[in-house]
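All remarks here apply to the structure that follows.
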Amino acid sequence: MDKHRRQHEPDLLQAALTAVQLPGLQWEVVEREPGGQATRGDAVLCLRFDGRELRYVAELKRGLRRATLGAALHQLANHGEQGLLVADYVTPPMADELRRRGVQFIDAAGNAWLTQPPLHVWVKGERPKEALAPPTQGGRAFQATGLQVLFALLCRPAAVDLPYREIAALAGVAHGTVGWVMAELPQLGFVAMLRKRRRLIDAERLLKRWVDAYPQRLRPKLLLGRYDTRKLDWVEAIDATRYGLLLGGEPAAARLTQHLRPGTATFYGNKVEPNLLTDQRLQPDRNGNVEVLRRFWNFEGETPGMVPHLLVYADLLAIGDARCLEIAGEMHAGIAAGFA
DNA sequence: AGACCCCTTGTCAGGGATGT
DNA sequence: ACATCCCTGACAAGGGGTCT
């Protein structure tokens, strides 16, 4: 199963290690995909210089964006070791952002931020080399509707053995789409046949890939409306069901953890009730702090009036600021427990 | 045992959506 | 505007269960 994972990130690691060749620095790949555990990073690296050896747990990320930054940082933080982000290309603003957040990185263009005193490396502004490989996000499973199917399976692992039409109903897609996705999952190492029944395996790794792809491929398609409001304090007490909405993102996280003051508000529903806009004095604004997204799944979450926790988790990562990542970290164990 | 039936799954053309 | 991608729904075949 690891074979396919390597195909997904073919030479990114080698390309980055080659690009970041500085006098006196020597990279060594200690391990690829240690233990196959998603929580332990994509590789373990050793950096030698001046007779010292520094150990890094690396996360490989292609096509890093603002929206996927949160997931990347969250994964790095989960390792509990010195983390290193390995990207195909880090733009100058992104490089500044990573440095500001204390995230060490290298990329395939030769940009780098490494700081383990007395080592300090700061290279920024290198242009990307020719595209490493076409952005092979991998077939249908990680397209928008594929992600809907995977979401249903991650929330309800047992559903993987349901008939395609039932899975399709849960996921809100056509059953033909389920066929395409289900054909790929065994190849990707996420589904195994056991006594003629399908079983979801390696769900933790699938979750990781899902939260990475969600803000890129699916989330942008769900936007029903975005609005601005000066004050968000109403969010903490709102009965969203009055407007046919479910709490997501920060409002949901605030209810679950009791120690987050939402800086943004995410709701999921089928449409935007005009009452919501008048009651809460919301002004349409494409950069606003309140968003309503289309509910794409057809099953109940764990908490009434709230989207499934896994989606709260994913949205926190997509928001990506430090507070949200902290809460996401607290939620992770609870979500992973659902896979057992 | 055989016939029948329904559920499930695979396949594919059409066209809608999306990106260039 | 055009090309590409891929989602959808229709159709047909496979397979297992049931009834006679």
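All values reported here derive from a predicted model rather than from experimental measurement. To find a chain, count down the sequence lines: A is the first, B the second, and so on, and within it residues start at 1.
- Between A:L13 and A:A43 the shortest heavy-atom distance is CD2-CB, 3.9 Å.
- Atom CG in A:L147 sits roughly 12 Å away from atom P in C:dC6 (whole-Å rounding).
- Here the closest non-hydrogen pair linking A:P92 and A:G125 is CG-CA, 4.3 Å.
- If you take CD1 of A:I167 and P of B:dT8, they are 11 Å apart, rounded to a whole angstrom.
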Hey, what are the protein-to-nucleotides 17-20 of chain B N/O distances that come in under 3.5 Å?
none

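- Other residues, nucleotides and ligands place no more than 12 heavy atoms under 6.0 Å from the CZ atom of A:R281.
- When rounded to the nearest whole Å, the span between CD of A:E184 and P of C:dC6 equals 10 Å.
- The distance from atom CD of A:E166 to atom C1' of B:dT8 is 11 Å, rounded to the nearest whole Å.
- In this structure, the side chain of A:E291 does not engage the main chain of A:G288 through any donor-acceptor pair within 3.5 Å.
- In this structure, the ring of A:W297 has its center less than 6.0 angstrom from the ring center of A:Y268.
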Walk along nucleotides 9-15 of chain C from 5' to 3' and tag each nucleotide B, S or - by protein heavy-atom contact under 4.0 Å, base first, then sugar-phosphate. BBB----

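- Although no hydrogens or angles enter the test, the distance criterion places no donor-acceptor pair under 3.5 Å between the side chain of A:D88 and the main chain of A:D107.
- No hydrogens or angles considered: a donor-acceptor pair under 3.5 Å links the side chains of A:E59 and A:H79.
- In the model, A:Q143 has a side-chain atom that pairs as donor or acceptor with a side-chain atom of A:R217 under 3.5 Å.
- Atom CE of A:M182 and atom P of B:dT11 are 15 Å apart (whole Å).
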